[in-house]
Amino acid sequence: MTQGKFIVIEGMEGAGKSSAISVITEYLAEKDIAFKQTREPGGTPLAEQLRTIVKSAKHDEQLTQETELLLMYASRSQLLANVIQPALSEGDWVIGDRHDLSSRAYQGGGRGIDDQIMETIANVTLKGFKPDLTLYLDIEPQIGLARARARGELDRIELEQIDFFERVHKKYQSLANADDTIVTVDASQEMPKVHQDIRQALDNFFESMA
Ligand code: Z5A
């Protein structure tokens, strides 16, 4: 059986990941490709509990940045072993709402955790596993945050100051520019144009596999 492919959608809050995922699911359905959807942090019963911890702004004690980092990778380890790899082995495709690039951007860029430490933890957890294609929705933090705020209550990370999100954004852009499996989509455009660009990136990906 042919191994499935892992496609990840990435970007800052309010970038439009939710509707981008619908575009990808429609595209795969049109091609009769079976797929599973995941999200990070989360995606397994245990990883969803870790998600609740990292997103809650209501803890009685401060979550240290090291704890935050390790919880992100603990969640990812559970998801990879229990959902992503089994699905890919069965020939299903997997569409991920965030993956390792989020940790590199938020914990590496935003929190300022050293690249070498990030690399070591990623290697221990993922053992070289990486997505076949990542679609990075690029948005200026101010625009994305305004969209996210208009939607409702903010989580613990969304309550960070703007300079934190500027660092996350910068890191996302530099990592995306350095990796040809990551396609940057301008998420500040009108939604139909964003969706057209996503479909174009998927067309290119399928052509590259042919
Ligand atoms: N995190 C981390 O720190 N490290 C990690 O390793 C991982 C995650 C994996 C997870 O939250 C949090 O954990 C996240 C990063 C961190 N926190 N922060 N901050 P999440 O993934 O559950 O939530 P999110 O990233 O905050 O998702 P979101 O805000 O739901 O983003 P979105 O899915 O991209 O947004 P959306 O719902 O698709 O769009 C937001 C609104 O904008 C909505 O009303 C849309 O209709 C509107 N929108 C979208 N696109 C457009 C365009 N093009 N024009 C106009 N309006 C638009």
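Atoms within each ligand, like the ligands themselves, are counted from 1 in listed order. Scope of the values below: all heavy atoms of this structure, side chains included, with no hydrogens, waters or symmetry mates.
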Q: May I ask you to decide if the ring planes of F206 and W93 are parallel, tilted or perpendicular, using 30° and 60° as cut-offs?
A: parallel

(Q) Checking the N or O distance criterion of under 3.5 Å, is ligand 1 in contact with G16? (A) yes

(Q) Among L79, I157, D100, which one puts a heavy atom closest to atom 16 (C) of ligand 1? (A) I157

**Q.** Whether R39 lies under 4.0 Å from ligand 1, heavy atom
**A.** no

Q) Does the protein put a heavy atom under 4.0 Å from atom 55 (C) of ligand 1? A) yes

Q. Using a distance-only test with no angle check, is there a side-chain donor-acceptor pair under 3.5 angstrom linking S102 and E10?
A. yes

**Q.** Backbone or side-chain N or O of E68 under 3.5 Å from ligand 1 N or O
**A.** no

Q) For E190 and ligand 1, does the shortest N/O to N/O distance drop below 3.5 Å? A) no

**Q.** I84 with V124, same ILVMFWY side-chain cluster at under 4.5 Å
**A.** no

Q) Donor-acceptor pair, T120 side chain versus Q116 backbone, under 3.5 Å? A) yes

Q. Does a salt bridge link E66 with R111, judged by any charged N lying under 4.0 Å from a carboxylate O?
A. no

Q.
Please determine whether any non-hydrogen atom of Q189 lies less than 4.0 Å from an atom of ligand 1.
A. yes

**Q.** Lys/Arg-Asp/Glu bridge criterion (N-O < 4.0 Å) met for D92, K36
**A.** yes

Q. Which ligand 1 atoms does R51 reach within 4.0 Å, using its non-hydrogen atoms?
A. 20 (P), 22 (O)

Q.
Counting non-hydrogen protein atoms only, what is the nearest one to atom 2 (C) of ligand 1? Give residue, atom name and distance.
A. M72 CE, 3.2 Å

Q | Close-contact set for ligand 1 against A187 heavy atoms, below 4.0 Å | A | 53 (N)

Q) For atom 30 (O) of ligand 1, which of R151, E13, K17 has the closest heavy atom? A) R151

Q. Tell me, which protein residue and heavy-atom name are nearest atom 7 (C) of ligand 1, and how many Å apart are they?
A. S102 CB, 3.5 Å

Q. Is there any N or O on R98 that sits under 3.5 Å from an N or O of ligand 1?
A. yes

Q | Verdict with supporting geometry, H169 and F165, side-chain contact (heavy atoms from CB on, under 4.5 Å) | A | CA-CA 6 Å; H169 185 222; F165 293 103; over 6 Å; no

Q) With the threshold set at 4.0 Å, does a side-chain nitrogen-carboxylate oxygen contact exist between K130 and D100? A) no

**Q.** Which residue and heavy atom of the protein sit nearest atom 41 (C) of ligand 1, plus the separation
**A.** R147 CB, 4.0 Å

**Q.** Polar contact flag for A148 and ligand 1 (N/O pairs, less than 3.5 Å)
**A.** no

Q) Applying a 4.0 Å heavy-atom criterion (strictly less than), which segment of E158 is in contact with ligand 1: side chain, backbone, both, or neither? A) both

Q.
Check R39 with D97, please: is the shortest side-chain N to carboxylate O separation under 4.0 Å?
A. no

**Q.** D197 and K193 ion-paired at < 4.0 Å
**A.** yes

Q) Does ligand 1 have any atom that is closer than 4.0 Å to a heavy atom of G11? A) no

(Q) I need the atoms of ligand 1 closer than 4.0 Å to a non-hydrogen atom of A15, numbered in the order shown. (A) 34 (O)

Q: Check whether Y172 and I162 end up in the same hydrophobic cluster, where Ile, Leu, Val, Met, Phe, Trp and Tyr are linked by side-chain heavy atoms less than 4.5 Å apart.
A: yes

Q: Look at atom 8 (C) of ligand 1 and say which protein heavy atom is nearest, naming residue and atom and giving the distance to 0.1 Å.
A: P41 CD, 3.6 Å

Q | atom 33 (O) of ligand 1: the protein heavy-atom neighbour that sits closest, reported with distance to 0.1 Å | A | S18 OG, 3.0 Å

Q | Electrostatic pair K171-E166, nearest N-O below 4.0 angstrom | A | no

**Q.** E40 neighbourhood, listing ligand 1 atoms whose heavy-atom distance to it stays under 4.0 Å
**A.** 9 (C)

Q: Answer yes or no: is there an ion pair linking E13 with R149, defined by an N-O contact shorter than 4.0 Å?
A: no

**Q.** Atoms of ligand 1 close to S103 [distance to a heavy atom under 4.0 angstrom, numbered from 1]
**A.** 5 (C), 6 (O)

Q | Identity of the nearest option to atom 46 (O) of ligand 1, non-hydrogen atoms only, from R149, Q107, M191, K55 | A | M191

Q: May I ask whether L137 and L133 are part of the same hydrophobic cluster, defined by side-chain heavy atoms of I, L, V, M, F, W, Y residues being less than 4.5 angstrom apart, directly or through others?
A: yes

